[in-house]
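Beneath this line is the structure, given in structure tokens, with notes to follow.
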Amino acid sequence: MSGMAAGQWRTVLEKAHAALRTAVEGVPADAWERPTPCERWNVTQVLQRAVGDQLATPD
């Protein structure tokens with residue numbers, strides 16, 4: 001993360017969180033168990049992974 005000031009990283013993370021919220025809001029109620037291009041992962045699992053990645057990123 002070197003090279004960027006803390007405030008810049010906060011902006012990047014806020015945008016990433018907003019993008020993930022938008023993606024989640026766009027999933028129809030009946031789509032959470034649908035398959036994805038990620039072999040053996042359904043929609044829920046892909047989004048859980050994305051959330052985990054964002055939570056693991058220090059702010």
- request: Begin with the C-alpha distance, continue with both residues' side-chain angles, and end with the deciding distance and a verdict on side chain to side chain contact (heavy atoms under 4.5 Å, CB included) for Val27 and Thr44.
  value: CA-CA 10 Å; Val27 177; Thr44 299; over 6 Å; no
field: Single-linkage hydrophobic cluster Trp32~Val46, side-chain heavy atoms < 4.5 angstrom
entry: no
ILVMFWY cluster, Val51 and Trp41 together (side-chain gap under 4.5 Å): no
- request: Return the minimal non-hydrogen interatomic distance between Gly26 and Pro28, and the atom names on each side.
  value: O-CD, 3.3 Å
query: Nearest 0.5 Å, what's the CD-CG distance between Gln48 and Asp53?
result: 12.0 Å
- prompt: Do Leu13 and Gln54 pass the side chain to side chain contact (heavy atoms under 4.5 Å, CB included) test, and can you show the C-alpha distance, the side-chain angles, and the key distance before you say yes or no?
  reply: CA-CA 8 Å; Leu13 290 173; Gln54 287 191 4; 6.0 Å; no
query: Among all residues two or more places apart in sequence or in another chain, which pass the side-chain hydrogen bond (donor to acceptor under 3.5 Å, both in side chains) test with Glu33?
result: Asn42
